[in-house]
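Residues: numbered from 1 along the sequence shown. Reckoned from all heavy atoms, side chains included, excluding hydrogens, waters and symmetry mates.
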Amino acid sequence: MSIPAGKVFTEEDLASADDRVLVAVDGKVFDVTDFLESHPGGSGTLLAHKGTDATDVFHSLHSPNTLADVGDSMIVGELAAGDKDGKRMSLIVDGQQGGSASHKTTRCTPTEIAALVNIEHIAQEAQLRGAPSFINGYVNYGSEDEESIRNNRGAFARYALRPRVLNDVGTIDLSTKILGGRVQLKTPICIAPFAGAANAHPDGELALARAAAKAKSLYCPAFYSAHTMGEIRAAANGDDDENPLLVQLYPPRKPVHPKSGRGDAGLDRKYMETAIRHVAKLGFVGAIITVDTVNNSNREKSYKNPAWIKQITEECGGFPPTRAFQEADVGRMLGHTARITWDDVKWMTSTCHALGLSLVVKGVMVAEDAAIAAQIGVDAVIVSNHGGRQLDGTEGALECVAECAEAVVGTKCEIFFDSGVRRGKDVFKALALGASAVFVGRPALWGLTVGGAAGVSRMLTLFNEELTTVMQLAGTPSIADITPAHVRDTRALPWKREAAQWRDRISDLALAFIIGALVASTAIRFSLSVKK
């Protein structure tokens, strides 16, 4: 199909362009056919709105300057005046003003928050009180067959606790130090980065930062935050400017063709360095580079589900605009590069260290990668499979902690953990297997949904109370007292017993063979002596 310049399209024209992917935004018609593979949100979103006026959903997912960044290269005409809808949606959640988005969540009262007894109770309450459906499609679900999600939870059942008794556990100390001792925490339980927090509560990342600061925990705001890093830093400060923050970074793609934004020339180091310098000035303690998202995976219940996209748009006005680095001149974010390598991570490590920041690599699942990270000077790796939302069919993340911890022995690299944590005993098991900090994502979002900062604080309190109980019953007065001896890999036991049985059988057979050989040899010698 050849499109003449300056063509005026009707909605019927848009829908009938079978060989091209046309969408209308703000009265202009864009041909995004050649942009499908480069689109930061994946091709599925564009294809879902092929041949439509996507003004509403576009502005619910993008910042106002996105079209200006793209330029005029994709514009092929205008939408006919009679077909211009002109309506816009904006975020509206529990009292926020906005357009036609209709969702409203009823928050828990302080008394109701105090009555929440565990993390699953918080999750259930979030659903009962009308949590936006995006929480199911975007957060609670995983990719493809969701094997990784199931394996994450199943991994905790694999390891049994081995309690020690008659230790003095009258006082339990949850405090710990991480990142070479430069970050002191009152709990090893930290809040992981996740996008869309402002859909769960209008305070979004600000509420998460305040709750973490109150608990003297550690929070890592997401790369796709609705609030700026400066605003989040201010929220975390409160009365104490020592409250630590990490920042999540995704590897931005440097385009082969800068004007159109197309192509992947590898990591955009200029963008990355600008972002790192920005958070260093704000007093962040380090950065987390998430490396397991070179593509958006096969998320059939969210990104590849037009019904979900429509639902989140109608309920919440879509995702809130990303403002994380609005205060810094980072340039255009054109999506994640698939060409990031360990050389890039080594460069990031040097850049962070030169500015007094630590670098953490998130998404490591095997000992070989942990060893490389340690070798190039990375300060910590987070053993994680993205909560089961990226590569489907992996082991449970907990099952990978011990091998990664063993791989960094004798180095300065530490092991952190996330994926599937729901109980204090889960935290204990991760610590016992070699982690020095444990991050939680979904539980924090559920807490945010039911009560903002107060709900997140309740979530952290419940985790700390459960961990305290487990530590007392396991005979470990402090975090440093938790060791691999406090867990047993139950899956290994049958194999060990069977291996021991086979060793006994082989030993018996070998002994029988030796005795038989000696008897035979003696008999032969005796026979030969008789003949003589």
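The nearest pair of heavy atoms linking Asp379 to Ser358 is OD2-CA, 3.3 Å. The minimum heavy-atom distance linking Val169 with Met471 is given by the pair CG1-O, 4.3 Å. Smallest separation of non-hydrogen atoms from Glu403 and Ala367: OE2-N, 2.7 Å. The shortest non-hydrogen separation linking Asn243 to Ala213 is ND2-CB, 3.3 Å. Of all heavy-atom pairs spanning Val438 and Val421, the tightest one is CG1-CG2, 3.7 Å. Between Ala430 and Leu398, the shortest heavy-atom contact is CA-CD1, 3.7 Å.
Side-chain contact between Pro163 and Leu473 is absent, with no heavy atoms from C-beta onward closer than 4.5 Å. Using a 4.5 Å heavy-atom threshold, the side chains of Ser384 and Phe417 count as separate. Using a 4.5 Å heavy-atom cutoff, the side chains of Arg277 and Glu273 are in contact. Between Ile172 and Leu174, some side-chain heavy-atom pair lies under the 4.5 Å cut-off. Lys425 is not listed as a side-chain neighbour of Phe156, based on a closest heavy-atom distance of 4.5 Å or more. Looking at Trp446 and Met459, their side chains never come closer than 4.5 Å, going by heavy atoms from C-beta outward. Two residues are said to be in side-chain contact when any heavy atoms from C-beta on lie closer than 4.5 Å; Met272 and Thr351 fail this criterion. Between Val361 and Met348, every side-chain heavy-atom pair lies at or beyond the 4.5 Å cut-off.
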Inset, instruction - Carefully, step by step, assess Ser478 and Asp481 under the rule side-chain hydrogen bond (donor to acceptor under 3.5 Å, both in side chains). - result: CA-CA 5 Å; Ser478 71; Asp481 293 317; 2.9 Å; yes
Inset, instruction - Begin with the C-alpha distance, continue with both residues' side-chain angles, and end with the deciding distance and a verdict on side-chain contact (heavy atoms from CB on, under 4.5 Å) for Arg129 and Glu112. - result: CA-CA 12 Å; Arg129 290 180 174 273; Glu112 291 168 335; 2.9 Å; yes
Inset, instruction - Start with the C-alpha distance between Leu282 and Ile232, add both sets of side-chain angles, then the distance that settles side-chain contact (heavy atoms from CB on, under 4.5 Å), and finish with yes or no. - result: CA-CA 10 Å; Leu282 292 173; Ile232 296 168; over 6 Å; no
Inset, instruction - Verify side-chain contact (heavy atoms from CB on, under 4.5 Å) between Ile276 and Cys352, making sure each step is shown before the conclusion. - result: CA-CA 7 Å; Ile276 292 171; Cys352 284; 4.0 Å; yes
Inset, instruction - Take Asp418 and Lys362 through the salt bridge (Lys or Arg N to Asp or Glu O under 4.0 Å) test and state the conclusion after the steps. - result: CA-CA 9 Å; Asp418 81 11; Lys362 183 177 184 289; 3.5 Å; yes
Inset, instruction - Could you give me the CA-CA distance, side-chain angles and deciding distance for Val381 and Cys413, then say whether side-chain contact (heavy atoms from CB on, under 4.5 Å) is met? - result: CA-CA 7 Å; Val381 298; Cys413 186; 4.1 Å; yes
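The distance from the CD1 atom of Ile415 to the CG atom of Leu431 is 12.5 Å, given to the nearest 0.5 Å. Atom CD1 in Ile288 sits 3.5 Å away from atom SG in Cys220 (nearest 0.5 Å). One finds the OG1 atom of Thr476 at 11.0 Å from the CG atom of Asp173 (value rounded to the nearest 0.5 Å). Distance check: Ile178 CD1 to Gln184 CD gives 11.0 Å after rounding to the nearest 0.5 Å. Residue His278 holds its NE2 atom at 13.0 Å from CG of Leu355, rounded to the nearest 0.5 Å. Atom-to-atom distance recorded for Leu467:CG and Glu465:CD is 11.0 Å, nearest 0.5 angstrom.
Looking only at distances, a side-chain donor or acceptor of Arg107 sits under 3.5 Å from a matching main-chain atom of Thr449. No donor-acceptor pair closer than 3.5 Å links the side chain of Asp268 to the backbone N or O of Pro252. Between the side chain of Arg253 and the backbone N or O of Leu334 there is at least one donor-acceptor pair closer than 3.5 Å. When atom types are taken as modelled, the side chain of His121 and the backbone of Val117 share a donor-acceptor pair closer than 3.5 angstrom. Between the side chain of Glu327 and the backbone N or O of Gly230 there is at least one donor-acceptor pair closer than 3.5 Å. No donor-acceptor pair closer than 3.5 Å links the side chain of Arg458 to the backbone N or O of Ile122. Of the possible donor and acceptor atoms, one in the side chain of Arg153 sits under 3.5 Å from a partner among the backbone N and O of Gly420. Put simply, the side chain of Glu414 never gets that close to the backbone of Ala380: no donor and acceptor are under 3.5 Å apart. The main-chain N or O of Val487 is never found under 3.5 Å from a side-chain atom of Lys429 such that the two would form a donor-acceptor pair. In this structure, the side chain of Glu399 does not engage the main chain of Ala155 through any donor-acceptor pair within 3.5 Å.
The ring-ring contact (aromatic ring centres under 6.0 Å, His included) check on Tyr219 picks up nothing, with sequence neighbours excluded. For Ala402, the side chain to side chain contact (heavy atoms under 4.5 Å, CB included) criterion is met by Leu433, not counting sequence neighbours. Partners of Glu231 according to the salt bridge (charged side-chain N to carboxylate O under 4.0 Å, His left out) rule, which considers only residues two or more places apart in sequence or in another chain, are Arg323.
Taking the six-membered ring where the residue is Trp, Tyr271 and Phe325 present perpendicular rings, their angle passing 60° and hence far from 30°. Using a 30° and 60° split on the angle between ring planes, His336 and Tyr250 fall in the parallel class, below 30°.
Looking at Asp292 and Arg389, no side-chain N of the basic residue comes within less than 4.0 Å of a carboxylate O on the acidic one, giving no salt bridge. One finds a salt bridge joining Arg158 and Asp489 here, because a Lys/Arg side-chain nitrogen approaches an Asp/Glu carboxylate oxygen to under 4.0 Å.
A donor and an acceptor atom, one from each side chain of Ser350 and His353, are nowhere located under 3.5 Å apart. For the residue pair Thr187 / Ser217, no side-chain donor-acceptor distance below 3.5 Å is found, with atom types taken as modelled.
Screening Leu246, Leu218, Leu460 against Cys190 for a side-chain contact (heavy atoms from CB on, under 4.5 Å) leaves a single residue, Leu218.
Applying the 6.0 Å contact sphere to CD of Glu406 captures no more than 12 heavy atoms from other residues, nucleotides or ligands. Applying the 6.0 Å contact sphere to CZ of Arg164 captures no more than 12 heavy atoms from other residues, nucleotides or ligands.
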